[in-house]
Every structure is written in C-alpha cells, then in structure tokens.
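See below for the structure under consideration.
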Protein chains: 2
Amino acid sequence: MRMTNPNFLNGVPEMLVLKLLSRREMYGYEIVKAIQAETGETLTFGEGCIYPCLHYLEKEKLVTSERREVAGRSRNYYVLTVRGTKRLEELTADWSRVHSGISLLLKGQHA
Amino acid sequence: MRMTNPNFLNGVPEMLVLKLLSRREMYGYEIVKAIQAETGETLTFGEGCIYPCLHYLEKEKLVTSERREVAGRSRNYYVLTVRGTKRLEELTADWSRVHSGISLLLKGQHA
DNA sequence: ACACCATACCTTAAACCGTAAGGCTTCGTC
DNA sequence: GACGAAGCCTTACGGTTTAAGGTATGGTGT
C-alpha cells in the first residue's frame, strides 16, 4: 500500500539503523545507544522499536546477523548487505525530498 | 504518553496546516491542494488525513472555523488562533531539531 | 555475601496516525 | 443528462512507535 507519500514521517529508525550499519557492523543494544548519541540526544528510539526493526531488516535480507560472544556477553552483530545499501540510498533520497518539500512550504511566501 | 521524541515523524500534516493558516484563512479542500502544490508535489495528504486534523485543531482551539457560502459552494474557513500560533512555533522548532539530529547522524564520520 | 546497575537480548498491549476507499451534494461543461 | 470537479465528511485497516514489561550475565560497591 502507501502509494502517495514515501514511507517517511515514520520509517526514520530504519534509515538510521541502515546508515549506522553502512559504517561498520554493530549490535542491537549498541545501535540504540548510538542513535541517541549521534543525533545529539535529540532522537531516542527504544529497544522495542529497534529490535523489531532489525528483525524486519534481516527478514528482508537488507542485513545479515551473526551471534558472537564478546567479553562474556552474547551479542548479535548485524552487517549491511548489498540490498541494504541500495535501500539506504533510496531512503536517504526520500528523506531529502521530504525535507525539501516541507522546507518549500515553510519558507514559501505565497499569498 | 510519548515522552522521548517530539510528535514528529508523524505530525507533519498538523504543522503544515498550521503554517498555511498562519498566512491566511483557508478551507479544507483548499488546504489539501495547497500542501500538494507548495511542497512541489512531494507531499500529498489525503482528505481522510486533513479533515480529521482540522477537526482536532478546532477541538484544541488552535483554529476557529466559520462556514461561508462562496459562489454557490459551502466552505469551512479556518483561522489560526493565538494558541495555534504558539503551537506552530513549537512544532517548527521540533521539526528543526529532528532534522538537525538526523543530519548529524547521516553526515557523521564516526568510526 | 548481597544489592544494584549496566549490558544484552527479547516480547507484548496499547496508542497513534495516515491511507484507501468510500458517501453525500452542488456546480459547470460537453 | 452525464460526468468531473469542488466541497464536505466517515470508516476500516495497517503500519509504526511507545511504554512497560521479562530474562540472564557481569561488574561494582558495601
């Protein structure tokens, strides 16, 4: 469904997760903290958002995961796939368009 | 509820409607078309989104409405209230923060 | 020894919001 | 007299996030 607008305005978490994973592999808990830190504390998505998102991404083969034991901790490391890279490009393009559209209206000087 | 993030990522329609009304009074159908036109066709919110939004804004006293007959057409004109003006300022500030946060992460060169 | 918090994974119920798809009426045009 | 545009409206549905839980291990302080 959803034929008019791109999947943003929601869907931001998916983009941010993919972006983080494009830089290096990360595990879920780390991603939750990273989003908080790297958005300058302006955005916080809880685990109840990020974990389901990761599971969805894996199901869609946009990422792969590998369980690893580190320092007595069991972690699920996620790695971006080629499909995931393409998806990230689409999403960032969508986001850019949405932002431009909103800016147009907000800054517009129409009657 | 909703304590962590501002009400954006959804809530964009509310901001755009308030912004349009801050420039001049408008009626619902006109607003639907205006959003499409003034965002450069990038955003389209249907009537099923905008009408309930207007009703909500009125209930919250962020706008007032007045029914008027124009050219044989019955239109509901909406006017921003003082409260609505303040709300618009809050929302645009939130939006700005969200955009900044996302930009930080997207452009960040972290490890 | 014990408490407690951080790390690390997970799930679920509820709320929220936008879409799609309809319905109604009047006006103008072909 | 049909049809689309202008104008108002509502409802069912689906997707997404939040809040709030649950589990287990490790480290720290007392």
Side-chain angles (χ1 to χ4, degrees), chain A residues 1-18 25-37 39 42-60 65-78 91 94-95 98 101-102, chain B residues 1-17 25-37 39 42-60 65-78 91 94 98 101-102:
Chain A
M1 307 306 132
R2 186 176 305 257
M3 304 187 58
T4 51
N5 290 329
N7 195 15
F8 263 110
L9 322 179
N10 3 343
V12 169
E14 179 180 350
M15 176 175 67
L16 298 189
V17 168
L18 289 173
E25 62 175 17
M26 293 178 84
Y27 54 97
Y29 190 80
E30 184 184 17
I31 290 172
V32 171
K33 302 299 180 188
I35 289 180
Q36 207 170 163
T39 59
T42 55
L43 297 182
T44 299
F45 295 106
E47 301 179 15
C49 172
I50 297 304
Y51 283 122
C53 177
L54 286 168
H55 300 159
Y56 162 80
L57 292 175
E58 184 166 21
K59 187 167 65 81
E60 295 293 320
S65 78
E66 186 196 340
R67 194 143 211 146
R68 222 178 292 162
E69 303 292 327
V70 180
R73 301 292 183 177
S74 181
R75 294 172 176 171
N76 253 336
Y77 279 92
Y78 290 91
L91 292 180
D94 283 348
W95 170 250
V98 167
I102 292 177
Chain B
M1 306 308 132
R2 189 176 301 257
M3 304 187 56
T4 52
N5 291 328
N7 196 15
F8 263 110
L9 320 178
N10 3 341
V12 169
E14 180 181 349
M15 176 175 66
L16 299 189
V17 168
E25 63 174 17
M26 293 178 84
Y27 55 96
Y29 191 79
E30 184 184 18
I31 291 172
V32 170
K33 303 298 180 189
I35 290 180
Q36 207 169 162
T39 60
T42 57
L43 297 182
T44 300
F45 296 106
E47 301 179 16
C49 172
I50 297 305
Y51 283 122
C53 177
L54 286 168
H55 300 159
Y56 162 80
L57 292 174
E58 184 166 22
K59 186 167 65 81
E60 295 294 320
S65 78
E66 186 197 341
R67 194 146 210 144
R68 222 176 293 162
E69 304 292 328
V70 180
R73 300 290 186 178
S74 179
R75 294 173 176 171
N76 251 337
Y77 279 91
Y78 289 91
L91 293 180
D94 283 347
V98 168
I102 292 177

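All chains are named by letter (A, B, ...) in the order of the sequence lines, taking the proteins before the strands, and each is independently numbered beginning at 1. Just so we're clear, the structure is a prediction, and the values are computed from it rather than from any experiment.
Considering all non-hydrogen atoms of both residues, Gly48(B) and Pro52(B) come closest at O-CG, 3.2 Å. Minimum interatomic distance between Thr39(A) and Ile35(A) (heavy atoms only, all atoms of both residues): OG1-O, 2.7 Å. In plain terms, the two heavy atoms of Asn76(A) and Ser65(A) that are nearest each other are OD1-OG, 4.4 Å. Gly28(B) and Leu54(B) get closest at one heavy-atom pair: CA-CD1, 3.7 Å. Here the closest heavy-atom approach between residue Glu25(B) and residue Arg68(B) is recorded as OE2-NH1, 3.1 Å. Heavy atoms only, all atoms of each residue included: Leu91(B) and Met15(B) are closest at O-SD, 3.9 Å.
For the pair Glu14(A) CD and dT16(D) P, the computed distance is 8 Å after rounding to whole Å. The CD1 atom of Ile50(A) sits 17 Å away from the C1' atom of dT7(C) (whole-angstrom rounding). Atom CE in Met26(B) sits about 14 Å away from atom P in dA6(D), given to the nearest Å. Put simply, OH on Tyr56(B) is 10 Å from P on dC16(C), counting in whole angstrom units. Counting to the nearest Å, the P atom of dA5(D) and the CZ atom of Arg75(B) are 17 Å from each other. Across the protein-nucleic acid pair, Phe45(A) atom CZ and dA19(D) atom C1' stand 15 Å apart, rounded to whole Å. When the C1' atom of dT17(D) is taken as reference, atom CG of Leu16(A) falls 14 Å away, rounded to whole Å. Straight-line distance from the CG atom of Asn10(A) to the C1' atom of dT16(D): 6 Å, rounded to whole Å.
Across all strands shown, Arg67(A) has heavy atoms under 4.0 Å from sugar-phosphate atoms exclusively, and none from any base. Note on Gly48(B): a base of the nucleic acid sits closer than 4.0 angstrom, heavy atoms only. Here Thr44(A) lies in heavy-atom contact (under 4.0 Å) with sugar-phosphate atoms only.
Nearest-nucleotide mapping onto DNA chain D: of Tyr27(B) and Gly11(A), the residue sitting toward the 5' end is Tyr27(B). The nearest heavy atom of DNA chain D to Ala71(A) and to Cys53(A) marks one nucleotide each, and the one closer to the 5' end goes with Cys53(A).
Taking only side-chain nitrogens and oxygens, Tyr51(A) never comes nearer than 4.0 Å to OP1 or OP2 of dC10(C).
Judged by distance alone, with hydrogens and angles left aside, the side-chain atoms of Glu14(B) form no donor-acceptor pair with the main-chain N or O of Gly11(B) at under 3.5 Å.
Within the 4.5 Å cutoff, the side chain of Phe45(B) has heavy atoms near those of the Val12(B) side chain. Proximity of Val70(A) to Tyr27(A): side-chain heavy atoms (C-beta onward) are nowhere separated by under 4.5 Å. Side-chain contact between Tyr78(B) and Val17(B): absent, with no pair of heavy atoms (C-beta onward) separated by less than 4.5 Å.
The side chain of Asn76(A) sits closest to dC10(C) out of dA8(C), dC10(C), dT17(D). Listed candidates were dT19(C), dC10(C), dT10(D). Nearest to the side chain of His55(B) is dT10(D).
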Any N/O pairs under 3.5 Å between the protein and nucleotides 23-25 of chain C? List them or say none.
none

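Shown for residues 28-37 of chain A: residues whose heavy atoms fall under 4.0 angstrom of DNA chain C, namely Gly28(A), Tyr29(A).
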